[in-house]
Amino acid sequence: MGQRSWKKIELKNDLWNNYKSYNQLCSLAYTIEMANVEKITLDLQDVKFIASNLFSVLGCILDSFYQEHTEDSEALMLSGISPRIKTIVQKNGFCHHLGLEKIADVHNTVIPYKIFDVDEIDEYERYLTLSLFGRKDLPAMSLAMSDKFRDALLEIFNNVRDHTSSRSVFTCGQYFPQGQMLYFTIVDAGETIPYNVREYHIRQGLSVPSKSLEWATEPGNTTLVERTPRGIGLSIIMDFISLNEGDFFMVSGEEMLEITKKGKKYSKLDNPFKGTIVTIGFNMNDKSVYFIKEEHETIQF
């Protein structure tokens with residue numbers, strides 16, 4: 001049976017940084033992938049708010065569809081965009097996908113939406129330095145701690161190049177003044193962590209972990225054959241988030257890891273995400289000063 005020409009897909013709920021919204025985004029990605037059509041209209045008329053950092057996830061989802069329909073610039077259209085969401089995308093730069101003009105972010109509430117090639121590690125590092133670590137309201141860190149955190153985010157970027165066939169990394173962020181939280185998200189559409197962990201353990205003749213994300217976030221664990229130490233970066237981030245009382249979300253395949261004030265939780269998603277999402281939520285109301293205790297590489301405050 002050939003492809004149908006067009007389908008409308010409706011997004012029904014606002015998108016925040018919680019399990020429900022990440023699960024909804026994964027279901028959206030799955031629905032688009034399984035649609036078997038040449039054109040899709042994504043209807044947002046029931047959606048009044050989308051957290052700016054989650055446009056990195058939407059960008060990744062839409063790009064995956066575009067890559068299969070490169071001959072048609074109108075293969076995927078968005079409709080029913082509310083004035084509030086329109087303002088958000090005009091501030092964060094996602095607007096260029098929609099043919100809208102960018103407007104100034106006078107209140108410094110967004111970290112710009114960007115797409116990087118996996119070889120643009122230097123450009124990504126400059127982006128982190130200017131857009132994230134250049135913020136004066138970020139929790140105070142020693143120079144060594146700031147460098148270690150930046151290295152951890154660079155490790156996540158390098159993991160896309162080293163562990164997947166994805167060629168692009170999508171990033172975006174948003175500061176919420178009322179909740180005093182800043183969320184930063186990095187996304188790719190490559191092979192998932194559960195897939196890589198499962199394949200590695202099978203090749204090595206080892207038992208496959210029941211929670212791939214738990215195994216992958218243990219310091220030193222890696223699926224690379226040469227056993228280059230990895231996982232240290234995620235460990236640094238997760239330790240910081242626990243002390244900072246911020247948030248951490250990781251989505252890959254059918255698994256999700258959440259670290260919040262309520263603790264650590266592993267969940268299954270209704271539909272798998274073909275790629276990996278990492279979101280870091282900084283508690284900006286934290287008055288502590290963080291530094292690295294070098295001999296143990298542990299965080300102190």
Side-chain angles (χ1 to χ4, degrees), residues 4-17 21-22 24-35 37-117 120 123-124 127 130-131 166-176 182-189 251 273-275 277 279:
R4 292 181 293 140
S5 60
W6 173 79
K7 181 176 182 178
K8 182 171 78 170
I9 298 174
E10 298 178 344
L11 204 58
K12 288 294 187 182
N13 303 106
D14 293 355
L15 297 175
W16 297 85
N17 287 285
S21 292
Y22 284 100
Q24 183 178 192
L25 284 166
C26 294
S27 294
L28 171 66
Y30 183 79
T31 300
I32 290 176
E33 180 190 3
M34 302 302 291
V37 294
E38 295 180 354
K39 292 180 182 289
I40 285 177
T41 297
L42 180 58
D43 187 0
L44 304 179
Q45 67 174 344
D46 293 328
V47 181
K48 304 307 177 188
F49 179 78
I50 299 175
S52 183
N53 62 293
L54 295 181
F55 279 98
S56 57
V57 185
L58 278 172
C60 183
I61 293 170
L62 302 186
D63 184 73
S64 296
F65 185 82
Y66 279 130
Q67 293 303 318
E68 297 180 1
H69 301 81
T70 54
E71 72 287 349
D72 187 353
S73 61
E74 298 183 350
L76 200 156
M77 306 293 289
L78 271 67
S79 66
I81 300 174
S82 72
R84 188 180 184 188
I85 293 176
K86 180 181 176 183
T87 299
I88 292 171
V89 300
Q90 287 184 286
K91 287 181 179 180
N92 69 16
F94 189 87
C95 56
H96 78 267
H97 288 307
L98 309 177
L100 299 172
E101 291 187 5
K102 197 173 187 305
I103 61 175
D105 175 30
V106 294
H107 299 295
N108 194 30
T109 57
V110 302
I111 297 174
Y113 169 80
K114 295 286 186 182
I115 307 173
F116 295 93
D117 184 271
E120 294 181 318
E123 290 82 351
Y124 175 66
Y127 165 80
L130 293 173
S131 300
S166 177
R167 293 301 306 170
S168 300
V169 174
F170 300 76
T171 66
C172 195
Q174 178 166 11
Y175 172 53
F176 294 88
L182 184 149
Y183 289 94
F184 177 72
T185 299
I186 177 169
V187 191
D188 73 86
V251 171
F273 182 76
K274 284 194 171 183
I277 305 166
T279 294

Query raised in the report: Are there more than 12 heavy atoms of other residues, nucleotides or ligands under 6.0 Å from atom CZ of Phe176?
Result: yes

Requested in this report: Using the six-membered ring wherever Trp is involved, compare the ring planes of Tyr127 and Phe184 and label them parallel, tilted or perpendicular (cut-offs 30° and 60°).
Outcome: tilted

Query raised in the report: Does Asp105 reach the main-chain N or O of Val110 with its side chain, forming a donor-acceptor pair under 3.5 Å?
Result: yes

Report summary line: The reported gap from NZ in Lys86 to CD1 in Ile103 (rounded to nearest 0.5 angstrom) is 9.0 Å

Query raised in the report: Considering residues, nucleotides and ligands other than Lys114, do more than 12 of their heavy atoms fall under 6.0 Å from its NZ?
Result: no

**Report entry** Shortest non-hydrogen contact from Gln90 toward Glu101
**Finding:** NE2-O, 2.8 Å

Report task. Of all the heavy-atom pairs spanning Lys7 and Thr31, show the shortest one and how long it is. Result -> NZ-CG2, 4.4 Å

Report task. Among Leu25, Val251, Ile186, find the residue that satisfies the side-chain contact (heavy atoms from CB on, under 4.5 Å) test when tested with Val57. Result -> Leu25

Report summary line: Heavy atoms of Ser52 and Gly173 approach each other most closely as OG-O, 3.6 Å

**Report entry** Nearest-0.5 Å distance, CD1 of residue Ile88 to CD of residue Gln174
**Finding:** 5.5 Å

Query raised in the report: Does any N or O in the side chain of Ser21 come within less than 3.5 Å of the main-chain N or O of Asn17, such that one atom is a donor and the other an acceptor?
Result: no

Query raised in the report: At what distance, to the nearest 0.5 angstrom, does CD1 of Ile9 lie from CG of Leu76?
Result: 7.5 Å

Query raised in the report: Parallel under 30°, tilted from 30 to 60°, perpendicular over 60°: which one fits the rings of His69 and Phe65?
Result: parallel

**Report entry** Distance-only side-chain donor-acceptor flag, Tyr22 / Thr279, under 3.5 Å
**Finding:** yes

Query raised in the report: Side chains of Thr185 and Cys172: does their closest heavy-atom pair fall under 4.5 Å?
Result: no

Query raised in the report: What is the distance from atom NZ of Lys48 to atom CG of Asp46, rounded to the nearest 0.5 Å?
Result: 7.0 Å

Query raised in the report: Between Tyr175 and Asn108, is any pair of side-chain heavy atoms under 4.5 Å apart?
Result: no

**Report entry** Euclidean distance, Leu28 CG relative to Leu62 CG, rounded to 0.5 Å
**Finding:** 7.5 Å

Query raised in the report: What distance separates Ile85 CD1 from Leu98 CG, expressed to the nearest 0.5 Å?
Result: 10.5 Å

Query raised in the report: Would you say Asn92's side chain and Tyr113's backbone share a donor-acceptor pair under 3.5 angstrom?
Result: no

Report task. Quick one: closest heavy-atom pair of Lys91 and Lys102, and the distance? Result -> O-NZ, 3.0 Å

Query raised in the report: Does the side chain of Ile111 reach to within under 4.5 Å of the side chain of Leu182, using non-hydrogen atoms?
Result: yes

Report summary line: When every non-hydrogen atom of Ile115 is compared with those of Glu120, the smallest separation belongs to O-OE1, 4.3 Å

Query raised in the report: Which atoms form the tightest heavy-atom contact between Glu74 and Lys39, and what is the distance?
Result: O-NZ, 3.9 Å

Query raised in the report: Tell me, do Phe170 and Ile61 make a side-chain contact under 4.5 Å, heavy atoms counted?
Result: no

Query raised in the report: If we only count heavy atoms from C-beta on, is the Trp16 to Phe49 side-chain gap below 4.5 Å?
Result: yes

Query raised in the report: Do Phe273 and Val187 have side-chain heavy atoms sitting under 4.5 Å apart?
Result: yes

